[in-house]
Amino acid sequence: MRIEIRGHVGVGRPASGVALVARDNFSARYDLDRIRGVFSRPAHALHGQSYVGRVLVLHTAKGGVATSWMLREMRSRDMAPAALLLNTANPIMAQGAAFADLALMDRFDVDIVDAIRTGDRVSVDPTAGLVVVERD
Amino acid sequence: MRLNEIEQAMLAGELGAPRQQAIEQQMAVGRMFDAPDFVEVSHVHVMGDTESLGEAGVAWLEQLATAPREQRRVRVPTVTDPRGIDQCAFRRLKQPESMAALELRAAAALRELGVLMTDTCINYQTVLPPVRGEHLAYGDTGSTIYANSVCGARSNFEGGPAALAAGLTGRVPRYGCHLDAGRRGTHLFEVRERPRNLTEWGALGAVIGRAAGSYWTVPVITGIDGSPTSDELKHFGAAMASWGSVPLFHMVGVTPEAPDLASVLDGPAPAATTVGLADIEALYAAFGRHEEKVDVVVFAAPQLSLVELQQLAELLRERRVHEGTALLVATSPELKAACDRMGITETIEASGAVLLQGVCFYQMYARELGVANGWTRLLSNSAKLVNIISGYGYEPVLAPMEVCVEAAVAGRMA
């Protein structure tokens with residue numbers, strides 16, 4: 001099964017990977033153990049799970065400004081997600097993704113957390129504002 | 001995006017590679033948020049602690065610093081947020097030399113770019129208070145929400161690389177809080193009981209931020225009679241920004257853009273959410289208590305004002321922090337010098353507490369700090385800090401300053 005989802009034009013280079021999805025929010029500073037590459041905030045829906053190389057699908061950008069530096073730093077160690085899809089991003093996520101050249105999109109024609117399931121294969125083209133989901 | 005002559009020159013690389021890279025990055029963000037053009041900013045606040053930068057970020061700054069002087073210097077005054085290491089105190093905190101060395105490299109590179117190393121998140125209290133209508137590029141959620149809301153200035157959250165880009169170009173993409181439309185109220189909160197101390201102000205901000213939900217919401221708050229103090233609004237805003245990623249609120253009858261409800265709302269008022277002491281109590285309860293032992297008590301996030309430092313010193317006067325508990329306090333370098341001069345440092349440190357300068361707890365390698373010192377059970381009066389710090393391996397508890405001090409002395413909460 002192949003699903004095409006339209007969103008607002010995002011930032012970063014095209015990317016693809018296996019989806020990791022939760023109806024929760026995202027901040028690199030608040031939620032992640034960036035050394036081990038896992039969600040470390042106990043209250044987070046993805047606590048303990050690895051995000052490295054995954055297309056992360058979450059609801060809203062949260063937290064402070066540090067994510068702007070952190071995405072590039074994570075990428076430099078090959079410990080970053082492949083792409084980030086949010087129902088609602090914020091300036092910090094956009095600035096961090098632009099600095100890291102990491103694919104980021106938001107404002108889709110569907111609720112992105114409902115539309116994508118963990119394990120789906122997802123391709124993200126931020127310039128075209130297009131997400132393609134493939135599911136067995 | 002529409003570009004004027006100088007912006008086109010920057011984009012073409014005529015003003016050097018650093019400004020070209022900066023404006024390219026800003027345009028990518030501007031396109032994502034449908035910015036029609038750029039707006040000039042009068043000053044910049046940049047976050048660049050090495051725990052966030054990492055080796056990759058520091059190397060990037062050092063590369064930027066090798067550009068010719070006329071190409072690399074910021075175009076508008078640019079000041080810094082707290083750093084990861086207090087060079088006067090890191091050995092006492094068992095932080096390694098390697099972290100201190102990385103921090104010195106970052107600071108040296110930033111200075112080469114013309115950045116003023118103020119190392120503070122309360123620059124709006126201590127360096128250059130924003131003016132109503134002034135466009136800024138502020139790089140700390142707490143400083144941004146204060147500038148927008150309390151001062152009536154205009155800034156989006158500008159993360160480290162974005163704030164630095166703003167310094168290099170002297171402008172930011174015009175969207176969000178820079179636009180009149182982005183400053184209209186979206187949610188209404190009616191405060192039933194006025195908070196009684198700084199922690200309650202922070203907790204109230206947390207409750208409203210959590211309910212507001214995203215960067216693009218603007219809470220409007222009613223029910224506060226008489227202006228809160230600068231420190232009260234500091235804790236209120238910092239917690240709201242931390243819990244909700246909210247950059248702006250209006251407090252009717254208090255903040256400058258909200259003399260009355262009609263001034264900040266379009267059309268009929270949305271249904272009001274009532275908030276009060278019961279919500280604050282519920283927030284406290286969610287974090288529990290440390291009745292058996294407290295490892296570390298932290299006063300930070302935001303850095304303390306001179307007034308808070310004096311209050312804390314009076315609570316600690318002739319008291320002794322328990323031998324099994326650490327007490328850390330963070331402020332700016334300028335206020336630390338003031339405390340040294342006024343005898344406040346002496347009173348605080350005579351108790352066994354450590355007064356840190358130019359840092360904030362969660363920005364100073366909190367995970368490694370906890371491991372090196374055996375700290376997990378943390379107590380703080382900051383609703384912002386307790387929100388952030390559990391991801392770093394701590395079990396945070398929230399309590400007012402007086403309760404925190406008593407627990408530091410007893411080694412546990414009574």
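So you know, we letter chains A, B, ... as the sequences are listed, proteins then strands, and number each from 1.
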Exercise. Decide yes or no for B:Y362 and A:Y30: does some side-chain heavy atom of the first lie under 4.5 Å from some side-chain heavy atom of the second?
Key: no
Exercise. Please determine, among B:L53, B:T141, B:V246, B:D81, the option with the most heavy-atom pairs under 4.5 Å with chain A.
Key: B:L53
Practice problem: Report yes or no: does B:W216 contribute a side-chain atom to a donor-acceptor pair with the main-chain N or O of A:N90 at less than 3.5 Å? | Solution: no
Quiz item: How far apart are the closest heavy atoms of A:E73 and B:S52, and which atoms are they?
Solution: CB-O, 4.0 Å
Self-check item: Gap separating the OG1 atom of A:T127 from the CZ atom of B:R31, nearest 0.5 angstrom
Solution: 8.0 Å
Self-check item: Where B:M32 and A:G10 come nearest, the two heavy atoms and their spacing
Solution: SD-CA, 3.9 Å
Exercise. Could you pull out the closest heavy-atom pair between A:V11 and B:A28, with the gap in Å?
Key: CG1-O, 3.4 Å
Exercise. State whether the side chain of A:Q95 and the backbone N or O of B:F157 hold a donor-acceptor pair below 3.5 Å, judged by distance alone.
Key: yes
Quiz item: Given that the side chain runs from C-beta out, which part of A:S40 has a heavy atom under 4.5 Å from chain B: side chain, backbone, both or neither?
Solution: both
Exercise. Could you give me the CA-CA distance, side-chain angles and deciding distance for B:N387 and A:R41, then say whether side chain to side chain contact (heavy atoms under 4.5 Å, CB included) is met?
Key: CA-CA 10 Å; B:N387 182 39; A:R41 180 182 175 87; 3.1 Å; yes
Practice problem: Compare every heavy atom of A:K62 with every heavy atom of B:G213, then report the nearest pair and how far apart it is. | Solution: O-CE, 3.2 Å
Exercise. Evaluate whether atom CZ of A:R117 has more than 12 neighbouring non-hydrogen atoms of other residues, nucleotides or ligands under 6.0 angstrom away.
Key: no
Quiz item: Can you tell me how far the CG atom of A:N25 sits from the OG atom of B:S214, to the nearest 0.5 Å?
Solution: 9.5 Å
Quiz item: Side chain, backbone, both or neither: which part of A:R75 has an atom under 4.5 Å from a heavy atom of chain B?
Solution: neither
Practice problem: Mind ranking A:T60, A:D101, A:V9, A:D33 by heavy-atom pairs under 4.5 Å with chain B and telling me who comes out on top? | Solution: A:D33
Practice problem: Would you mind reporting whether B:Y215 and A:T88 have side-chain heavy atoms less than 4.5 Å apart? | Solution: no
Self-check item: Region of B:E51 that comes under 4.5 Å of a non-hydrogen atom in chain A
Solution: both
Quiz prompt | chain B interface, residue from A:M70, A:H44, A:R77 that has the most non-hydrogen pairs under 4.5 Å | solution = A:M70
Self-check item: chain A interface, residue from B:P161, B:G57, B:G159, B:A56 that has the most non-hydrogen pairs under 4.5 Å
Solution: B:P161
Quiz prompt | Interatomic spacing from CH2 in A:W69 to CG in B:L164 - rounded to 0.5 Å | solution = 5.5 Å
Quiz item: Pick from A:R29, A:H8, A:R107: which one has the most heavy-atom pairs with chain B under 4.5 Å?
Solution: A:R29
Self-check item: Residue B:Q26 versus chain A: region with a heavy atom under 4.5 Å
Solution: neither
Quiz prompt | Which of A:A61, A:A66, A:A43 touches chain B most, by non-hydrogen pairs under 4.5 Å | solution = A:A66
Exercise. Answer with side chain, backbone, both or neither: which region of B:E158 has an atom nearer than 4.5 Å to a non-hydrogen atom of chain A?
Key: both
Quiz item: If you tally heavy-atom pairs under 4.5 Å against chain B, which of A:P91, A:S76, A:A94 wins?
Solution: A:P91
Self-check item: Part of B:W60 lying under 4.5 Å from any heavy atom of chain A
Solution: side chain
